[in-house]
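Take a look at the structure below.
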Amino acid sequence: MSGYAFMIASCVACDATFAGNPNHGPSIPVNGKREPICRNCFDRWNEIHRTSKGLEPHPLHPQAYEPIEEGEL
């Protein structure tokens, strides 16, 4: 029998609890350390720190907020 796995994290920006992919969940650098970020804050971060400066948005893995099969851990 197979199961699924996901991570539970608190968003570094808004403190919301969210579920994400343990292998592809997004994070942003904060004081030299990668910190988890929810989807809404990730989109806002891209808008403020990337596109407003003429940079391409940071790509989001298509499975960033999806569970994975437990065998992929």
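In this text the structure is predicted, and so the values were computed from the model without any measurement.
- Atoms CG and OG1, on Asp43 and Thr51 in that order, are 10.0 Å from each other to the nearest 0.5 Å.
- Other members of the cluster containing Met7 are Val12, Phe18, Ile28, Val30, Ile37, Phe42, Trp45, Leu60, Tyr65, with ILVMFWY side chains joined at under 4.5 Å, either directly or via other members.
- Minimum heavy-atom separation, Ala5 to Pro22: O-CD, 4.0 Å.
- Residues Pro36 and Pro26 are not in side-chain contact: their nearest non-hydrogen atoms beyond the backbone lie 4.5 Å or more apart.
- Closest approach of Lys53 to His49, counting heavy atoms only: CD-O, 3.5 Å.
- Counting only heavy atoms from C-beta outward, the side chains of Glu69 and Tyr4 approach each other to under 4.5 Å.
- For Arg34, there are no salt bridge (Lys or Arg N to Asp or Glu O under 4.0 Å) partners, not counting sequence neighbours.
- Across Arg50 and His58, no two heavy atoms sit closer than the pair NE-N, 3.9 Å.
- When all heavy atoms of Pro67 and Asn21 are compared, the closest pair comes out as O-ND2, 4.5 Å.
- Taking every heavy atom of both residues into account, Ile68 and Glu72 meet most closely at CD1-CB, 3.9 Å.
- Taken from CG in Asp15 to OG1 in Thr17, the straight-line distance is 7.0 Å, to the nearest 0.5 Å.
- Between atom SG of residue Cys11 and atom CZ of residue Arg39 there is a gap of 13.0 Å, rounded to the nearest 0.5 Å.
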